[in-house]
Every structure is written in C-alpha cells, then in structure tokens.
Amino acid sequence: MLRNAVAYILRKRNRTIIVFIILTVVLSCLYSCLNISKSTSNLEKDLYKISNTSLSITKNNGDTFETNQFEELDKIKEIKEIITVYDGLARTTNIKVVDGTQLIERDYLSDEFKNMLSVEATNNSEKNNLFSSGIFNIIKGRHIKNNDKGKILIHNELAEKNNLKLNDKIKLEFIDFNNSEKKLEYEFEIIGIFSGKKQEKYTGLSSDFSENMVFIDYESSQKALNKLENNRIVNKLAIFSDSSENTRVALNKIKKIKIDWSQYNVSSDNNVLEETLESVEGIKHIIKIMTYSIMIGGITVLSLILILWLRERIHEIGILLSIGISKIKIVTQFIFELLFISLPSLILSLLIGNVILNIIVGGFMNSDDSTIMVDSLLENNNLISNLITFMQSYGILIGIIVLSVITASLMILIKKPKEILSKIS
C-alpha cells in the first residue's frame with residue numbers, strides 16, 4: 001500500500017500539486033488561528049496582572065480599622081498578595097512644603113496644621129492606582145517594597161524646593177485625629193522621587209496639593225503612630241490574585257470570615273480589565289469561527305476533489321479488489337497518499353502561517369486602538385510553544401484528511417465488490 005501510494009503521487013503530478021496547495025493553505029490557516037487562540041488565553045492572564053485588578057476591603061464610613069480581624073486572609077490560597085494602605089496626615093519639621101493656590105481659605109490655622117504633608121503608607125507603592133495608571137511616575141530611585149523600613153517617596157517639586165536628593169532624610173510627625181496623644185518624630189530616608197499631578201480635593205491645608213503627597217512604608221507608619229502588632233490600622237486592604245477565577249473564589253471565602261460585614265465594604269476594581277477583556281473575547285470569537293470554517297472548508301473541498309478523482313480510479317479500485325485487497329487497505333492507501341503529500345507542506349506552511357498571523361493581527365490593529373494588546377499577541381509565544389501549536393495544527397490536518405478520504409470513499413465502503421467490479425465494463 002505504501003509503494004502504491006508513492007507511485008500514484010509521482011505518476012499523477014498535477015493532482016499532487018493541487019492537493020499540496022490545498023493542504024498547505026489549510027495547515028497555514030489552522031496554525032495561525034490556533035496560535036492567536038492560544039495567545040489570547042495567555043493574554044487574559046497577563047492583562048489581569050497588568051490591569052492592577054484587586055479586591056478592596058474598606059469601612060463604610062471611610063474610617064480606619066484594625067487588621068487583626070482579617071488574619072484569616074493569609075490562609076486563603078487564592079490570594080497572592082495583600083497590600084495594606086493607611087492614608088493620613090503628617091507635619092514635616094525639617095523641610096518646607098510646596099505652596100499653591102487654595103480654593104478653600106481658612107481664616108485661622110494653628111501651627112499644628114501648617115507645613116502638612118499627605119501621607120500614604122503601603123507595603124507596595126508600585127501597585128498604587130496613581131502609579132499603575134501613570135498619573136505618578138518614578139523618575140529617580142525605586143518603589144517601596146514589602147520589607148522596607150524608614151523609607152519614603154517624595155514629589156520632584158518638593159525635592160527641588162528643599163534641595164533634596166536620594167538618601168536624604170525627612171522628619172515627620174503624624175497626626176492621629178482619633179488619639180490626641182503626641183506622636184514621636186520619625187525619620188525617613190528618600191529612596192524615590194516621582195512626578196505627576198493627581199485630581200486634588202481642597203480642604204484648606206497644604207496637604208491638598210499633589211506636590212505635598214508622600215509615600216512611606218507601612219511598617220514605619222504604624223511605629224510612628226505608636227501602634228502595636230495587634231492593633232495596627234489601615235484605611236484599605238487591597239487583595240490581589242493571579243486570575244479573575246481565583247479572585248471570584250477568594251471573594252466568596254472572604255465573605256465567610258466571621259465579622260460584622262454591615263460595617264465593611266468589599267469591592268472589585270476591574271472596570272479597566274472588563275473593557276479590555278471585551279476586546280479579547282471579540283478576537284477569540286472571530287478566531288474560533290475562522291478555525292471551524294477552515295476545518296469545515298478543508299473537509300468539504302478535499303472530499304469533493306477526492307470524489308471526482310476516485311470515480312476516475314474505479315478501474316484501479318476494481319483490480320485491487322479482484323486480487324483480494326480489502327476495502328480498508330484501499331482506503332488506507334488513499335490516506336497515505338495525502339499524508340505523503342502533506343509532509344513537504346510542513347515547512348512552507350510554517351512560513352506562510354506566520355505571515356498570515358501577522359496579517360490577521362495587523363487587521364485587529366487597524367480596527368482597534370489596543371496596540372499593547374496586539375503587540376502581546378505577537379510576542380506571547382516562544383519558539384517551543386509555536387512548534388507545539390504547529391504540531392497540533394498538523395494533527396488537526398491529519399484528522400481532516402482521514403475524514404475527507406472516508407467521506408469520499410463511501411461509494412466503495414457501502415457497495416459490495418461485485419457492484420464495483422461490474423462498473424469497470
């Protein structure tokens with residue numbers, strides 16, 4: 001059967017070229033579609049991380065709350081990171097704040113509320129929405145990390161006014177409106193300088209301005225507020241998972257924690273992600289339709305061509321049957337013929353498939369402004385992943401070949417050998 005298959009391929013060159021072209025086109029299209037389909041699945045996970053989507057636990061009245069009642073969060077395996085956030089005010093004692101035009105004027109302001117800075121204490125400043133959205137950008141130094149102690153980020157205009165640079169020290173005295181006890185002065189080392197302008201809310205204090213906002217490490221903020229390990233306070237707990245599915249599971253587990261939930265609010269900040277995922281889902285839907293269309297089209301075209309050719313090969317089939325060759329072996333020979341023709345198309349299909357991939361992705365780029373998403377589609381897979389995808393595409397092609405041959409060979413399979421032999425004459 002193998003020799004017969006090779007002999008037929010070499011003897012019928014025109015037919016071989018036609019089938020070669022069809023198989024190359026089908027395999028190229030399958031490879032490009034599967035590649036994009038896989039990339040979009042990986043892209044969803046990457047977008048989830050980039051979008052900074054998190055669950056937030058806050059108090060309904062906006063006040064601070066103690067973290068010790070949420071110790072069970074550490075036991076939820078779907079939670080990858082918990083970021084503690086404390087927002088407060090502090091008076092600086094060794095530098096001058098940046099002045100600006102106030103929309104609210106206070107007739108009398110005590111010395112205690114002059115030279116004020118807005119402070120956000122966190123164990124990971126990089127995931128703060130002001131930085132992740134690009135409103136603030138680090139221009140010198142680095143972000144605050146989980147193990148930092150006595151570290152601070154300041155605005156570049158505050159640094160310029162006071163001739164401050166990296167590794168200089170700033171002294172802060174925190175204001176706690178819930179506790180009138182005088183707080184100790186605490187010294188912080190500058191590890192980063194940022195720029196940008198946020199939307200400002202005016203209260204008549206110097207802390208209203210973006211230039212007078214600073215970020216410090218959470219550990220030091222609690223020491224400066226005289227808080228012990230068992231009574232640390234936050235304004236918000238930001239909870240991060242590595243996928244939207246894990247976030248949903250984590251949310252259900254969080255709500256089972258035994259506290260008075262009427263005082264708290266759990267919300268998900270995923271508006272940006274949802275809008276982006278709509279575009280990804282649109283691409284996945286289009287690619288799915290294209291893939292199925294290619295498979296159905298490939299089976300249909302191959303079946304029709306094979307039906308025409310098998311009618312011309314009725315003498316060959318009759319002779320094989322007359323010498324005792326079974327129908328299964330004859331059909332197997334036809335399958336081998338197409339498989340042998342498909343082998344040279346592997347290299348060509350890989351090259352053409354990558355060209356089609358770029359054309360398809362280019363089409364999405366022209367129809368959508370999601371340039372970052374499109375770039376990710378092109379760069380998401382490595383060489384090994386592409387080869388695995390290509391071999392999966394070839395596996396689908398083999399399935400198409402087998403189905404096409406069986407469909408075209410029904411005239412042989414359903415008829416008795418005597419009927420087929422009678423048609424020779």
Side-chain angles (χ1 to χ4, degrees), residues 48-90 118-133 135-136 143-149 151-153 174-179 198 213-274:
Y48 189 85
K49 296 176 183 178
I50 295 170
S51 65
N52 208 33
T53 299
S54 65
L55 295 172
S56 298
I57 300 178
T58 55
K59 211 164 185 183
N60 289 334
N61 59 8
D63 204 354
T64 59
F65 58 93
E66 294 184 358
T67 59
N68 56 6
Q69 58 191 318
F70 290 100
E71 290 178 349
E72 290 184 37
L73 292 176
D74 295 327
K75 300 176 183 178
I76 300 176
K77 64 180 182 179
E78 287 79 13
I79 296 176
K80 298 303 179 184
E81 185 178 11
I82 300 174
I83 295 180
T84 48
V85 179
Y86 170 78
D87 295 318
L89 298 175
S118 170
V119 178
E120 177 163 313
T122 178
N123 56 345
N124 187 343
S125 62
E126 188 174 8
K127 288 196 173 181
N128 181 282
N129 287 333
L130 292 171
F131 285 106
S132 62
S133 64
I135 295 174
F136 285 165
H143 278 284
I144 290 172
K145 298 179 180 178
N146 191 36
N147 297 322
D148 284 331
K149 294 181 180 179
K151 309 299 181 184
I152 189 170
L153 307 178
F174 280 73
I175 306 295
D176 187 356
F177 294 102
N178 297 322
N179 188 350
K198 67 171 183 175
M213 183 176 188
V214 298
F215 296 83
I216 65 171
D217 65 280
Y218 178 75
E219 185 79 17
S220 300
S221 73
Q222 300 307 291
K223 289 183 179 179
L225 289 166
N226 297 325
K227 298 295 180 182
L228 301 175
E229 188 74 31
N230 62 345
N231 68 342
R232 291 183 170 182
I233 58 173
V234 293
N235 290 86
K236 181 175 76 172
L237 288 175
I239 300 165
F240 291 85
S241 298
D242 56 3
S243 69
S244 56
E245 178 61 31
N246 283 343
T247 299
R248 284 192 291 271
V249 174
L251 177 60
N252 292 330
K253 291 184 178 180
I254 289 170
K255 289 183 176 179
K256 292 179 182 178
I257 296 176
K258 295 180 180 179
I259 62 168
D260 184 6
W261 282 107
S262 63
Q263 299 183 35
Y264 296 90
N265 178 48
V266 184
S267 59
S268 178
D269 180 22
N270 63 349
N271 293 332
V272 176
L273 176 68
E274 291 297 331

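Index from 1, following the sequence.
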Partners passing side-chain hydrogen bond (donor to acceptor under 3.5 Å, both in side chains) against Gln263 (at least two apart in sequence or in another chain): Asp260
Exercise: identify the closest heavy-atom pair between Ile144 and Asp217: CD1-N, 3.7 Å
Nearest heavy atoms of Val119 and Phe174, plus distance in Å: CG1-CE2, 3.9 Å
Separation of Asn265 CG from Ser262 OG (nearest 0.5 Å): 12.0 Å
Basic-acidic side-chain contact under 4.0 Å: Glu219, Lys151: no
Any donor-acceptor pair under 3.5 Å from Glu78 side chain to Thr247 backbone: no
Counterpart residues, side-chain hydrogen bond (donor to acceptor under 3.5 Å, both in side chains), relative to Ser221 (two or more places apart): none
Interatomic distance, Thr84 atom OG1 to Gln222 atom CD [nearest 0.5 angstrom]: 7.5 Å
Under 3.5 Å: donor-acceptor pair, side chain of Asn123, backbone of Ile82: yes
Phe70 and Val234, any side-chain heavy atoms less than 4.5 Å apart: no
Residue Lys145 excluded, over 12 heavy atoms near NZ under 6.0 Å: no
Minimal non-hydrogen separation, Thr64 against Lys59, with atom names: O-CD, 3.8 Å
Side-chain heavy atoms of Tyr264 within contact of Leu237, under 4.5 Å: no
Beyond-backbone contact of Arg232 with Asn68, side-chain heavy atoms, under 4.5 angstrom: no
Min side-chain heavy-atom separation Phe215-Leu130 under 4.5 Å: yes
Separation between NZ of Lys258 and CD of Glu72, rounded to the nearest 0.5 Å: 8.5 Å
Over all atoms of both residues, closest heavy-atom pair of Ile254 and Trp261: O-CZ2, 3.0 Å
Leu55 CG to Ser241 OG distance, which is reported to the nearest 0.5 Å: 6.5 Å
NZ (Lys198) with more than 12 external heavy atoms under 6.0 Å: yes
Min side-chain heavy-atom separation Glu120-Val85 under 4.5 Å: yes
Any side-chain heavy-atom pair of Tyr86 and Asn235 under 4.5 Å: yes
Rounded distance [0.5 Å steps], CG in Asp148 versus NE2 in His143: 12.0 Å
Check against side chain to side chain contact (heavy atoms under 4.5 Å, CB included), Ile257 and Leu73: CA-CA 9 Å; Ile257 296 176; Leu73 292 176; 3.8 Å; yes
Side chain proximity check, Phe65 to Ile259, heavy atoms < 4.5 angstrom: no
Interatomic distance, Phe240 atom CZ to Lys80 atom NZ [nearest 0.5 angstrom]: 14.5 Å
Chi angles and distances behind the side-chain hydrogen bond (donor to acceptor under 3.5 Å, both in side chains) call for Asn128, Ser125: CA-CA 5 Å; Asn128 181 282; Ser125 62; over 6 Å; no
side-chain hydrogen bond (donor to acceptor under 3.5 Å, both in side chains) involving Lys223 - partner list, sequence neighbours excluded: none
